[in-house]
Protein chains: 2
Amino acid sequence: MRDLGYMPNGAARALRSLRSRIMGIVIPTLNHAIYAGMVEALQQRLAGSEYSLLVATSEYDLTREEQQARLLVERGVEGLVLVGDNHRPELYRLLDRTPYVNTYVYKADSDHPCVGFDNRRATFEITEFLVGLGHCRFGMISAVTAGNDRASDRVAGVRAALETYNLSLPPEAVYERPYSILSGREGVRYLRTLTPSPTAIICGNDVLAMGALAECRAAGISVPDEISLVGFDNLEFAAHLDPPLTTMEVPAAEMGARAADFLLSQVSGKLDLHSVHLEPNLIVRRTTGRAPLPDSR
Amino acid sequence: MRDLGYMPNGAARALRSLRSRIMGIVIPTLNHAIYAGMVEALQQRLAGSEYSLLVATSEYDLTREEQQARLLVERGVEGLVLVGDNHRPELYRLLDRTPYVNTYVYKADSDHPCVGFDNRRATFEITEFLVGLGHCRFGMISAVTAGNDRASDRVAGVRAALETYNLSLPPEAVYERPYSILSGREGVRYLRTLTPSPTAIICGNDVLAMGALAECRAAGISVPDEISLVGFDNLEFAAHLDPPLTTMEVPAAEMGARAADFLLSQVSGKLDLHSVHLEPNLIVRRTTGRAPLPDSR
DNA sequence: TTGTACGCGTTATCAA
DNA sequence: TTGATAACGCGTACAA
């Protein structure tokens, strides 16, 4: 074998054994660290079990997500990782013979296996924290919510928390744009034009939060004294800033590893965990929120 | 077909047609935006040609890189994307029947197809720029150079440029640590202990540069008035900072797309470009380097 | 222990 | 145009 440089033929092996030794994942994009980090962890765990990983992207388009998933199933993936739980019905139908798991989302009553956390509860809790500090006018900078259950759940969490305290998040206080630093900057500029303007701004993810922070610095707005800024997802650098942001970090790597474990257990016929509840890392790494200034009422 | 929900069997198709319709890539890690961005662009381009992408990581370990590459070849990838050109000889031998391309590196006289830029020349040029401003004491914060030709080429470029001007980069002025924000912070602390301490610090990549910047802010060191900091790779956020960093951006997405085009042309029997020279985006996005302070001689 | 034959699902070829 | 058939390389089962 060595002399001839023999290499097994994966296609023939897969055809005969009915096992491709390949898993698949469809994510919105690799340009966001949270998804890249999950894929990294997933791949590492799979490599330890001699599985390879096919990666496809949806670009936040549910139709494209289904097309890509179909391609992966045709390639013979033994399991599929998805992001969120808002998928086209055709996609779910496609997966009747293939193990799959939704990530970045957790709903106790879900019909689908999921590994994640409760996005709605996460923003609900951070909003409660800010209300407790005395904030009553909130703004939100959100990703595009259409077809993105994580983004819309995060908006819903803020809104629900405020309504609990007889406050509200009117539609004009939500600046919704695609993920980018520029969107974050524009969001702060826009929210400052409202009268009265918000004393607390919650950003739907890390990129938007970094943009919002950059705009505050550029405009000489003190964070968190003048505006309390909150960011989500992956903000390691923000923790080194002075002052650091109030953040909630998402355990992307742990989700990837858990998703891998779940799918591997499915194909090896081990017990069905069905739904793995992964608590989010709800530790507010840097709680730099402040009470609103007296004159801002 | 529709009624029965027929799906083609990729393994059988690949076995019979001798075409898997799958490409592969082995990168150091997805945790760095430059690699994730390249994979993103590569995947998008391949998806347009109905190809899927197997992604594996080496964790900066050349042995692991070879193992992962072997696994991908056994899976039947029709082409393979690698990072750098310093690979184990066994890996190159493995690829005698599989098209491949090295990325993030460009050498005109290379025996191997490559898509990238000249890392040595990039740091050479930015060093010349700083020398032109009057800097004569340099420090460098570098990634681990063992088995990483991009990192060692970048150090070599700084050193060569300084020697051109009868200056030098002594070993103790190079702080070499794994990529992390913390390493960048420690690097600045370390280099400041040297006497005399450097007036210009060149960071081998973006993560180290962000750490270095965070440390300068925390220690009250003015950038670039007191120390000129230079970062490489992916520093979009740094451009929004005040003051912004002096940076050289790497065209990761374009490299991914070009690598895809090259491999697709190989498998479709089109002309062999062999070596695609991609100039780095050498535009110094923000040239905030300053002359050293008079009393720092 | 070593050897031989069959079938996995597709595609290419050849015959009708 | 349509339909039957062989072969891709491996893994398993059964025979020697």
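Naming convention: chains lettered A, B, ... in sequence-line order (proteins, then strands); numbering from 1 in each chain. Because the structure is a prediction, the values reported are computed rather than measured.
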Without swapping roles, check the side chain of B/T98 against the backbone of B/G79 for a donor-acceptor pair under 3.5 Å.
-> no
Which of residues 66-78 of chain A have a heavy atom under 4.0 Å from DNA chain D?
-> none
Can you find a pair of side-chain heavy atoms, one from A/T103 and one from A/I25, that are under 4.5 Å apart?
-> no
Who pairs with A/R154 by salt bridge (Lys or Arg N to Asp or Glu O under 4.0 Å), at least two apart in sequence or on another chain?
-> A/D233
Which dot-bracket string describes DNA chain D (Watson-Crick N1-N3 plus N6-O4 or O6-N4, or G-U N1-O2 and O6-N3, all under 3.5 Å; [ ] crossing; | other strand)?
-> ||||||||||||||.|
Between the protein and nucleotides 9-12 of chain C, list every N/O to N/O distance that falls short of 3.5 Å.
residue: C/dT10; atom: OP1; partner: B/Y6; partner atom: OH; Å: 2.8
residue: C/dT10; atom: OP1; partner: B/N9; partner atom: N; Å: 3.1
residue: C/dT10; atom: O5'; partner: B/Y6; partner atom: OH; Å: 3.4
residue: C/dT11; atom: OP1; partner: B/R13; partner atom: NE; Å: 2.5
residue: C/dT11; atom: OP1; partner: B/R13; partner atom: NH2; Å: 3.3
residue: C/dT11; atom: O2; partner: B/R16; partner atom: NH1; Å: 3.3

Does any donor atom in the side chain of B/S58 or B/Q68 lie under 3.5 Å from an acceptor atom in the other side chain?
-> no
So, A/S110 side chain and A/H112 main chain: donor-acceptor pair closer than 3.5 Å or not?
-> yes
Please tell me if the side chains of B/R64 and B/T57 come closer than 4.5 Å, counting only heavy atoms from C-beta onward.
-> yes
Measure from the side-chain N and O atoms of B/N102 to the backbone N and O of B/D85, and report whether any donor-acceptor pair falls under 3.5 Å.
-> no
Those residues at least two apart in sequence (or on a different chain) that pass salt bridge (Lys or Arg N to Asp or Glu O under 4.0 Å) with A/R70 are A/E66
Any side-chain heavy-atom pair of A/L91 and A/Y100 under 4.5 Å = no
Note, A/Y60 side chain near A/V144 side chain (heavy atom, < 4.5 Å) = no
For nucleotides 2-5 of chain C, give me every protein contact, N/O to N/O, under 3.5 Å, one pair per line with atom names.
none

State whether the side chain of B/E40 and the backbone N or O of A/L30 hold a donor-acceptor pair below 3.5 Å, judged by distance alone.
-> yes
Would you check if the side chain of B/S152 reaches a backbone N or O of B/N148 as a donor-acceptor pair within less than 3.5 Å?
-> yes
